[in-house]
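To keep things clear, I will list the structure first and then write my remarks on it.
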Amino acid sequence: FVDPDDTLEPGAVARLRELIDRHAPDLVMCDFRVFFDDGRALPPGEAAPDPQDAASSPDSPPDADAGTPSPDSATPEADSPDAPPLDPDAGDAASDADDPPPPKPGCVDPAKVGLVKWGDMHVHSTYSDGDFTPPVMMQAAKDLDADFVWITDHSKSFQQNGGGPLTAQEFADCMSDAAAKSTDSFLARCGIEWRLGYLSNDEKWHGVMLGMTPAQFPGHFNVESYTNWDKYLADMDGAGTVALITHPTGPANWTLGKDPGRNTDPDANGELDVYELNGDGTVVERINYFFDWLSAGWRVSPVYDTDMHHSKWTGNEGPKCAGAWIRDGTWSGSQWPALRDAMRAHRTFANFPGKAKNWIRLVSLTSGGQPECLMGSSLPAQSDPLRLEVTANAASKKWHFRLFTNHKSNYGNPAASAAPADTSLVNGSEQRWRPTLDPTGLRWIAVVATLSPAPPTADAVWLVRAPRWLEAP
């Protein structure tokens, strides 16, 4: 906050912007009078002559501590505010130093995203066809050490299937239960599951909408009042929600191509954020479907959700199956904005079977081997070799990494690039692989990790990492 009594000398606004760029606060409040270089004050209410010389609140996150803490251990939340206070006098010396070059467009700085959280985003209760009430499922997830859980009962689009629909009052009650169960370290929320085939009376794939408020549930934000799915997704995205495609049943064109109410151009559907790897088919088939969606142009990142109906994760699946990399200093007390940021920025991963807190991370490296851009980044096309680093927690396990691209996009032919049998163990508990790729024609890059060199199965432990995208030249 810059006090209104402060007098800004010539050049102070530019220095203030340097401080904002350096520390990346979420909000900067400025109330002061701007002076011309000759000392004259700008009259109140008159626009500054150079609009580029005004400080504004950036979209980038709070600054993080140097380095990335290991998510295997508990990561303490800072007691101080997310962003350091602005000190107009402290930036002059720093701004004169040799600052690193500005980040690439579309690049997410790995040093600012060192916190990982696990949960389940697709769970049912007695409000649709589940066996337990929302508070029981929320408490069960919390007791099993999940960091978040979403109760996602059916909307009216499922009414012909029984077990629903979720009413506005039930949704409001669910949100009240969620507020009572949530703490600074655990997030419980409620969403809805809707059926895409509702318009054409054709069962193809379902979606989950996260972040809807009780005030938004009735009226035109309810899915059944729409005649076009793109309009629904766009309106909900504008209202601050996150959309998941849940248990899709095939490749993108096959799944979506028959719906008359759907525009299947992925470029027009940027509001679809996350892809669930639960569903029909073998694990390999479901992962290959995901890669098909990526090759079709969809910008979605993977999770595994249990679609839990009939137990409290007492079977072979646990509630820690969807992982998300969170910006440092943003979780405690503001979990939903932090999680929404991670999902919209495609910093998620699938963790099967969700019993243990396994994690995987993909970054690109500078020519000097330093971490540069985190997974989820969408970078301009490049001609230089693309250097990558894959890491996963490995205190008591041995991962087999396999890298996929739009050139090698399935477990069939051609086979994806596999890591050497022996990959580096770093920091005592992290397994690392550093491949280099020819970027020619690359559009997306994803990684699968398994505890066996064989392809993943329903009885195995596996991870699927969010992609990195490269734009067309």
One should read off an interatomic distance between Asp459 CG and Asn316 CG, to the nearest 0.5 angstrom, of 7.5 Å

Got Val208 and Ile192 here, is their nearest side-chain heavy-atom distance under 4.5 Å? no

Taking the ring centre of each residue, are Trp150 and Trp336 less than 6.0 Å apart? yes

With Leu463, which of Phe401, Phe352, Trp399 fulfils side-chain contact (heavy atoms from CB on, under 4.5 Å)? Trp399

Would you check if Phe291 and Asn406 make a side-chain contact, meaning some heavy-atom pair closer than 4.5 Å? no

Paired with Val303, the side-chain contact (heavy atoms from CB on, under 4.5 Å) test is passed by just one of Leu277, Asn351, Thr246, Leu244, namely Leu244

Is the terminal nitrogen or CZ of Arg361 (NZ for Lys, CZ for Arg) located under 6.0 angstrom from the six-membered ring centre of Trp325 and within 45° of that ring's axis? yes

Mind checking whether Tyr304 and Asn278 have side chains closer than 4.5 Å, heavy atoms only? yes

Could you work out, with ring-ring contact (aromatic ring centres under 6.0 Å, His included) as the rule, every residue matching Trp433, not counting sequence neighbours? none

Hey, does the side chain of Ser377 reach the backbone of Cys373 with a donor-acceptor pair shorter than 3.5 angstrom? no

Contact between Leu386 and Arg468 at the side-chain level, heavy atoms closer than 4.5 Å - yes or no? yes

Interatomic distance, Asp280 atom CG to Arg286 atom CZ [nearest 0.5 angstrom]: 8.5 Å

Pair listing, ring pair (Phe, Tyr, Trp, His ring centres under 6.0 Å) test, anchored in residues 360-383, at least two apart: none

For the residue pair Tyr275 and Trp293, is the inter-centroid distance of their aromatic rings smaller than 6.0 Å? yes

SB check Asp147 Lys357 (cutoff 4.0 Å): yes

Taking only Lys NZ, Arg NE, NH1 and NH2, and the carboxylate oxygens of Asp or Glu, determine whether Arg347 and Asp341 approach each other closer than 4.0 Å. yes

Would you say Phe186 and Phe148 make side-chain contact, with heavy atoms under 4.5 Å? no

Kindly give the heavy-atom pair with the smallest separation between Thr450 and Trp462, and that separation in Å. CG2-CB, 3.9 Å

Any donor-acceptor N or O pair under 3.5 Å, side chains Thr306, Asp120: yes

Side chain to side chain donor-acceptor pair (under 3.5 Å) partners of Glu471, counting only residues at least two apart: Arg299, Ser378

Interatomic distance, Asp109 atom CG to Leu374 atom CG [nearest 0.5 angstrom]: 9.0 Å

